[in-house]
Amino acid sequence: MSNDGPGTPVQLRTSHWYGGDTRDHYIHRSWMKRGLPDDAFSGKPMIGICNSASELTPCNMHLTELAEHVKRGIWEAGGVPFEFPVTSLGETQIQPTAMLLRNLMAMDVEESIRGNPIDGVVLLAGCDKTTPAMVMGAASVDLPAIIMTGGPMLTGRHEGKRLGSATDMWKMSEAVRAGLLSNEEFMATESVMTRSAGHCNPMGTASTMASMVEALGLTLPDNAAIPAPDARRKRLAHLTGRRAVQMVREDLRPSAVLTRSAFENAIRVLSVIGGSTNAVLHLLAIAGRVGVELTLDDFDRIGSHLPLLANVMPAGEHLMEDFYEAGGIPAVMAELEELLDGDAFAVTGVPIREHWAGRTTWNRDVIRPLTDPLIAEAGIAVLRGNLCPQGAVVKPSAASPELLTHTGPALVFDTIEDFKERIDDPDLDVTADTVMVLRGCGPKGYPGMPEVGNMPLPAKLLAQGVVDMVRISDARMSGTAFGTTVLHTAPESTVGGPLALVQTGDVITLDVPGRSLTLHVDDLELARRRAEWQAPPPLAERGWYKLYIDHVMQADTGCDLDFLVGCSGSTITRESH
Ligand code: FES
């Protein structure tokens with residue numbers, strides 16, 4: 001069957017549903033027509049718009065408006081659009097943590113794409129986990145797919161000062177606890193913190209993942225940073241729809257884009273933008289779906305020595321709106337050109353170097369040159385040692401340089417509830433040298449690995465002017481947050497990782513330059529503690545929680561479910577009637 005538009009004719013997948021005169025073809029067409037002309041079902045690429053809009057996912061609320069612009073582009077290019085909803089995850093709303101449901105959303109995306117009559121798909125995402133979930137699901141089907149994220153919010157402004165969503169919230173809440181800001185003043189910023197449609201506007205996880213999918217070549221150029229309410233994002237949506245139709249005609253699938261080179265490019269971009277540690281988990285999980293051998297150590301080997309170029313919160317001072325006006329991801333990639341593989345193939349059907357060709361940086365304070373970075377070595381560091389035999393991560397660009405090498409006594413919290421109960425106790429035995437250890441917050445143990453690794457500092461130390469401490473956990477940290485926090489410690493405590501054996505008073509050494517995390521307790525004593533250790537009782541007996549706990553993998557491989565790794569393709573072998 002040939003197509004109406006330009007490009008190499010391909011046998012459309014949807015011809016299985018619509019391309020014949022049997023009873024079943026009749027059923028599929030008749031129930032779907034509802035006003036569509038007959039020729040909509042004869043050789044036009046049918047493009048699904050996989051929409052994670054939800055009024056319970058505030059960062060994605062506006063995606064339905066963008067979907068209308070995607071549809072215009074699809075119609076214009078000779079395709080037929082069909083928008084469909086999928087699970088959505090609002091990072092600030094859903095409990096106990098959106099990460100618990102990332103893989104569920106990915107399953108929903110995967111099966112919704114595979115089971116429905118579509119030839120290609122536009123993925124609309126935004127809030128943190130929605131972007132990786134979309135890509136994981138689509139990659140496991142491997143139909144032509146292009147993603148568009150919803151864009152960051154406009155910069156918040158309050159009493160003459162700029163507010164970075166979440167980043168300044170963390171800072172102000174600590175200032176309240178330190179007695180430096182009244183709670184009234186803090187609450188007065190609530191309405192301006194989220195000033196417009198869009199996701200968080202620092203280089204948090206949403207902006208980072210939007211940048212990652214752009215660096216991977218899965219989006220049109222400029223996707224990551226155009227602010228959500230900007231008319232240029234509507235234009236991008238139109239062009240994305242148009243491009244999806246052409247991708248079907250070219251049979252251009254995620255497996256052609258998501259190569260080892262693409263991931264290496266993404267890791268380098270992650271480093272120089274000061275991106276979220278969450279990207280480590282998500283990129284590992286996406287790589288697992290497409291069979292690319294990517295390891296935790298690749299992030300350190302490929303990216304850790306790279307400098308910080310993006311002067312964007314939380315590592316810097318500007319916000320995504322400024323980053324876009326300074327040139328956005330194409331300008332960053334142009335800056336990094338000599339370190340990137342420009343031959344990596346993008347959804348535009350061209351080598352990705354064409355995405356940055358001719359692009360320049362308009363504001364050198366926001367995007368620095370390689371010769372004058374903000375920080376000389378800013379990429380995510382991967383630690384090893386007897387406290388994290390399967391690794392742990394730390395983000396030096398968000399940490400205090402003087403704490404990157406530190407030895408101190410442990411103060412252990414068994415759960416986040418234990419932490420909250422004791423942290424502001426005036427009698428808590430803690431000093432600025434203490435290493436705070438939080439466990440029970442891993443993928444299986446919480447479950448879902450919440451973003452609590454940036455434990456607030458004890459109120460009495462805040463009052464003394466302490467602004468950072470070494471913190472270690474098997475949890476994650478919001479990409480908008482900061483601090484000398486060792487995260488993703490693996491194996492997690494709940495499965496018997498060494499974190500389970502630490503006792504208050506044990507001495508711990510963090511040595512980021514040496515890439516080590518050491519618990520100074522001898523092996524005999526650790527063996528004794530292990531013999532006494534008892535695994536906590538199962539946290540769930542039914543439903544998604546049980547499936548997740550039984551099958552989620554550890555942080556060092558990206559926390560996908562073990563049976564979701566890989567790709568099942570787009571073929572449907574059985575009929576529904
Ligand atoms: Fe949605 Fe921050 S809460 S991106």
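We count ligands from 1, going down the list as the structure has it; atoms in each ligand are counted the same way. The basis for the numbers below is simple: all heavy atoms, side chains too, and nothing from hydrogens, waters or symmetry mates.
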Enquirer: With sequence neighbours excluded, tell me which residues meet side chain to side chain donor-acceptor pair (under 3.5 Å) with R232.
Expert: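 In terms of side chain to side chain donor-acceptor pair (under 3.5 Å), with neighbours along the sequence ignored, R232 is linked to D230, E325.
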Enquirer: Suppose the cut-off is 2.8 Å; which protein N/O/S atoms would you list for atom 2 (Fe) of ligand 1?
Expert: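 Result, waters dropped: C200 SG.
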Enquirer: Would the distance check show the side chain of D468 and the main-chain N or O of T484 forming a donor-acceptor pair, the cut-off being under 3.5 Å?
Expert: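 Yes, D468 side chain to T484 backbone: donor-acceptor pair under 3.5 Å.
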Enquirer: With rounding to the nearest 0.5 angstrom, report the CG to OG1 distance, N60 to T131.
Expert: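 These two atoms lie 7.5 Å from each other.
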Enquirer: Would E214 and T219 count as having a side-chain donor-acceptor pair, cut-off 3.5 Å?
Expert: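 No, no side-chain donor-acceptor pair sits under 3.5 Å.
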Enquirer: Do you know which of V437, V394, L510 makes side chain to side chain contact (heavy atoms under 4.5 Å, CB included) with V470?
Expert: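 The residue from V437, V394, L510 that satisfies side chain to side chain contact (heavy atoms under 4.5 Å, CB included) with V470 turns out to be L510.
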Enquirer: Between K420 and E417 (salt bridge meaning N to carboxylate O under 4.0 Å), is one present in this structure?
Expert: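 Between E417 and K420 there is no salt bridge, as every charged N stays at least 4.0 Å from the carboxylate O atoms.
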